[in-house]
Amino acid sequence: DAGVIQSPRHEVTEMGQEVTLRCKPISGHNSLFWYRQTMMRGLELLIYFNNNVPIDDSGMPEDRFSAKMPNASFSTLKIQPSEPRDSAVYFCASSPGLGSPLHFGNGTRLTVT
Amino acid sequence: GIQVEQSPPDLILQEGANSTLRCNFSDSVNNLQWFHQNPWGQLINLFYIPSGTKQNGRLSATTVATERYSLLYISSSQTTDSGVYFCAVPNTGTASKLTFGTGTRLQVTL
């Protein structure tokens, strides 16, 4: 299995621009998670889906952040407009089901200037 | 929410040495996971260990859920073991909202 695939690996953008991060979970995994990692706050759960349905988005920091999962093999995390404080590594992870072992993608390093 | 503490925060070992990393958590849990974040930033799931002991090569983990702690043992450490080790447990009342500890940063030297 190819594992969780994220794109792009790196994204550099200017403040105010829209950013879209993409994720393909492991085939057969029913749960998908978006995390953000910063030095100050560590790993934070932003939102998670089960069977393509958003279950909990309480970690999404602001209305500028949105996530979708239109089908079982694809999810996006969008930031519009982006701000410098959004700079972080964004990880997507998937698991066979809720409460199961979690498998991470390689992350997207976002820099907003 | 649940509190997760890891110790030590930093650890330097010479290649070949053994080490024990600890994870304490403040509430009862139904699962616990250990992860390794390598120097390139990749997060690898090492163990899913709600209770008991599991072994995978030079690594093993033990969770004593009743006493709210887990241990990760690394034997005969290698330079490729360097990185940050995280434990993660579900928030109280959920199965999937994991709270991560602050990690143990391990450096293995030649």
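Below, chain A is the first sequence line, B the second, and so on; all start at residue 1. Small disclaimer: the values here were computed from a predicted structure and weren't measured.
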| task | Examine whether an atom of Leu98(B) lies under 4.5 Å from a heavy atom of chain A, and if so say whether it belongs to the side chain, the backbone or both; otherwise answer neither. | result | both
| task | Against chain A, label Phe35(B) side chain, backbone, both or neither, depending on which of its atoms sit under 4.5 Å from a heavy atom there. | result |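 When you check distances to chain A, only side chain atoms of Phe35(B) fall under 4.5 Å.
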| message | Parallel, tilted or perpendicular, judged at 30° and 60°: which one describes the rings of Phe104(A) and Tyr35(A)? | response |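 Rings of Phe104(A) and Tyr35(A): tilted, as their planes differ by 30° to 60°.
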| said: What part of Leu45(A) gets within 4.5 angstrom of chain B, counting heavy atoms only: side chain, backbone, both, or neither? | reply: side chain
| request: Examine whether an atom of Glu44(A) lies under 4.5 Å from a heavy atom of chain B, and if so say whether it belongs to the side chain, the backbone or both; otherwise answer neither. | output: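 Contact with chain B involves no heavy atom of Glu44(A) at all.
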| query | So do Gln3(B) and Phe25(B) actually touch side chain to side chain, heavy atoms under 4.5 Å? | reply |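 A side-chain contact under 4.5 Å is absent here.
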| Quick one: are the ring centres of Phe91(A) and Phe33(A) less than 6.0 Å apart? | no
| query | How long is the gap from OG on Ser58(A) to CG on Asn91(B), to the nearest 0.5 Å? | reply | 9.0 Å
| message | Before you tell me yes or no, could you show the steps for Leu32(B) and Tyr69(B) under side-chain contact (heavy atoms from CB on, under 4.5 Å), namely the whole-Å CA-CA distance, both residues' side-chain angles and the distance that decides it to 0.1 Å? | response | CA-CA 10 Å; Leu32(B) 182 142; Tyr69(B) 73 89; over 6 Å; no
| query | What residue in Val89(A), Asp56(A), Asn50(A) has the most heavy-atom pairs under 4.5 Å with chain B? | reply |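 Option with the greatest count: Asp56(A).
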